[in-house]
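So the structure is just underneath, and the comments pick up after that.
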Amino acid sequence: MSEDQLAQLSQLISDAQNIIITCHTSPDGDAIGSSLGWAEYLRSQGKEPVVIVPDQYPDFLRWLPNTEKIIRYDKHTEKADMLFKIADLIFCLDYNTPSRVEEMQSALVESPAQRVLIDHHPNPDVPAVLTLSCPEASSTSELIFSIVWQLGGFEQQDKHFATPVYCGMMTDTGGFTFNSTRPEIFFIISQLLTKGINKDKIYRNVYNNYSEDRLRLMGYVMYQKLVTDPARHASYFTLTKKDMRDFHFIKGDAEGIVNLPLQIKGQKLSVSLREDTEKENVIWVSLRSVDDFPCNKMAAEFFNGGGHLNASGGRLYCSMAEAEAIVKKAFLAYEDLLKKS
């Protein structure tokens, strides 16, 4: 942040009485981690922020400190709407456009509160009095650390701040396997470790905290559903409602499966197609790539989405068969880049 931005943010926090922290629909580790970390900092400044998320977040994040204080908009709409109406400051974390909060959008946009955007996705368009956007960052959690550091508040923090921030950075980089080559990231990790966090336990709590059904689902997907395109070093798989019912799917069970095909030698791109569990003809798309293949551009061009170079997502409004046809069309369109050594 510039000195002017630093001063503006400090003044906004100082003046605010009713603060809300928001994140995107289907919150992931970075959305929840950055929200909880920022809330902890604000508490150290004498504030009582409320974290409101649009809907359910994965079970493997429920161990994080202070998750019990999170309000789900879809479950407590009336209470959340009242909080938005009386808020005077709203932090928009880990999303670049109001539409990403979906059912919560009207409450967010119509609130009389001033808004501050803190995000690492490109092309921010959230109406805000202060926009802190850095697409080069590994995660919004990394930005939260940097902001707290610049504000001079890091020394006051303990593991209740450091744990969710580390978790958010870890999950948004696939355990620091992509989008994490900048030296600053490892400086941040070294500082978070001074707060007594157990990074190995955090990893286990996130990645080794699934049900037996989830493990069997992974095996089923890799054996029965994976479609490879060896000529183009790409692959995709589908997850239908029936598949998810058969394996007693819960929120978060699909997390990370899209990364597995990248273990194939020479593989450059992996795409996951997952039916929405409730809505018809809605397909959630996840893309992962290695090296310089721009899955964010593919997501924007073919899947109504976007994201980062090696990790992106999108959504299709069609049948699964039509979604598969779109994936194959995308592979053909990016054939030259996929075949490039």
Please set out all donor-acceptor pairs under 3.5 angstrom arising from side-chain atoms of residues 99-110, sequence neighbours excluded.
unit_1	atom_1	unit_2	atom_2	d
E102	OE2	R315	NH1	3.1
E102	OE2	R315	NH2	2.8

Check your understanding: Is a side-chain donor-acceptor pair under 3.5 Å present for T173 with N179?
Key -> no
Check your understanding: Is it true that E335 and K340 have a side-chain N and a carboxylate O under 4.0 angstrom from each other?
Key -> no
Exercise for review: Determine whether the side chains of K268 and S289 contain a donor N or O and an acceptor N or O closer than 3.5 Å.
Suggested key: no
Check your understanding: Please walk me through it: do D88 and Q114 pass side-chain hydrogen bond (donor to acceptor under 3.5 Å, both in side chains)?
Key -> CA-CA 6 Å; D88 49 17; Q114 297 186 92; over 6 Å; no
Check your understanding: In terms of hydrophobic clusters joined by side-chain contacts under 4.5 Å, are I144 and Y166 together?
Key -> yes
Exercise for review: Drop me the distance from I202's CD1 to K159's NZ, to the nearest 0.5 angstrom.
Suggested key: 9.0 Å
Practice item. Give a yes or no on whether N123 atom CG has more than 12 heavy-atom contacts from other residues, nucleotides or ligands under 6.0 Å away. Key: no
Exercise for review: Decide yes or no for K195 and H160: does some side-chain heavy atom of the first lie under 4.5 Å from some side-chain heavy atom of the second?
Suggested key: no
Pair up each side-chain donor or acceptor in residues 76-83 with any protein partner under 3.5 Å, not counting sequence neighbours, and list the distances.
unit_1	atom_1	unit_2	atom_2	d
T77	OG1	Y73	O	2.7
D81	OD1	Y73	OH	2.6

Review point. If you round to the nearest 0.5 Å, how far is CD of Q45 from CD of Q156?
Key: 5.5 Å
Check your understanding: Between M222 and F237, is any pair of side-chain heavy atoms under 4.5 Å apart?
Key -> yes
Check your understanding: Taking atom types as modelled, is there a side-chain donor on S26 or K251 under 3.5 Å from an acceptor on the other?
Key -> yes
Check your understanding: Under 30°, 30 to 60°, or over 60°: which ring-plane class applies to F60 and Y210, parallel, tilted or perpendicular?
Key -> perpendicular
Practice item. Verify whether one side chain among N96 and H120 offers a donor that lies under 3.5 Å from an acceptor in the other. Key: no
Point to revise | Hydrophobic cluster membership, I257 vs Y207, 4.5 Å side-chain cutoff | key: no
Review point. Stepwise, does the salt bridge (charged side-chain N to carboxylate O under 4.0 Å, His left out) test hold for K241 with E280?
Key: CA-CA 10 Å; K241 291 179 182 177; E280 293 296 324; 2.9 Å; yes
Exercise for review: Quickly, which of T177, L260, N259 forms a side-chain contact (heavy atoms from CB on, under 4.5 Å) with R288? Name it, please.
Suggested key: N259
Exercise for review: Verify whether one side chain among D30 and T171 offers a donor that lies under 3.5 Å from an acceptor in the other.
Suggested key: no
**Study point:** Flag, side chain of S34 to backbone of S141, donor-acceptor distance under 3.5 Å
**Key:** no
Review point. So, the side chain of D246 versus the backbone of D243: is there a donor-acceptor pair under 3.5 Å, distance only?
Key: no
Exercise for review: Is it possible for you to check whether R214 lies under 6.0 Å from the centre of the six-membered ring of F247, through NZ or CZ, and within 45° of that ring's axis?
Suggested key: no
Point to revise | Transitive ILVMFWY cluster of Y223, excluding itself - 4.5 Å side-chain cut-off | key: none
Check your understanding: Have N281 and S319 got a donor and an acceptor in their side chains that come within less than 3.5 Å?
Key -> no
**Study point:** Test item: L287 and V258 side chains (from C-beta on) under 4.5 Å apart, heavy atoms
**Key:** no
Check your understanding: Is it the case that one hydrophobic cluster holds both L130 and W38, taking links as side-chain heavy atoms less than 4.5 Å apart, direct or via other members?
Key -> yes
Practice item. Return the orientation label for the F161 and F154 ring planes: parallel under 30°, perpendicular over 60°, tilted otherwise. Key: perpendicular
**Study point:** Q8 (side chain) donor-acceptor with V129 (main chain) under 3.5 angstrom
**Key:** yes
Study note, to complete from the structure: Separation between CD (Q157) and OG1 (T194), nearest 0.5 Å, reads 11.0 Å
Review point. Does some side-chain heavy atom of L316 sit less than 4.5 Å from a side-chain heavy atom of N304?
Key: yes
Check your understanding: Quick one: does NZ or CZ of K328 land under 6.0 Å from the six-membered ring centre of Y236, within 45 degrees of the ring axis?
Key -> no
Check your understanding: Can you list the steps and then say if R204 with D200 is a salt bridge (charged side-chain N to carboxylate O under 4.0 Å, His left out)?
Key -> CA-CA 6 Å; R204 291 196 304 273; D200 299 334; 5.5 Å; no
**Study point:** Pairing residues for E275 by the side chain to side chain donor-acceptor pair (under 3.5 Å) criterion, not counting sequence neighbours
**Key:** none
Practice item. Identify whether the distance between the nearest side-chain nitrogen and carboxylate oxygen of R216 and D213 falls below 4.0 Å. Key: no
Review point. With sequence neighbours excluded, what pairs up with D74 under the side chain to side chain donor-acceptor pair (under 3.5 Å) test?
Key: R72
Review point. Can you tell if the side chain of V271 reaches within under 4.5 Å of the side chain of V285, non-hydrogen atoms only?
Key: yes
Check your understanding: Are D94 and H24 close enough that a side-chain donor and a side-chain acceptor fall under 3.5 Å?
Key -> yes
Point to revise | Linked, directly or transitively: L192 and L143 (ILVMFWY side chains, under 4.5 Å) | key: yes
Check your understanding: Would you say the side-chain atoms of D253 pair up with the backbone N or O of I250, donor to acceptor, closer than 3.5 Å?
Key -> yes
Review point. Between T22 and Y95, is any pair of side-chain heavy atoms under 4.5 Å apart?
Key: yes
Revision key, fill the gap. Grouping ILVMFWY residues whenever side-chain heavy atoms fall under 4.5 Å, the cluster of V282 otherwise contains W284, Y317
Point to revise | R182 with E142: basic N within carboxylate O range, under 4.0 Å | key: yes
Revision key, fill the gap. Which of L89, L93, V53 passes side-chain contact (heavy atoms from CB on, under 4.5 Å) with I21? It is L93
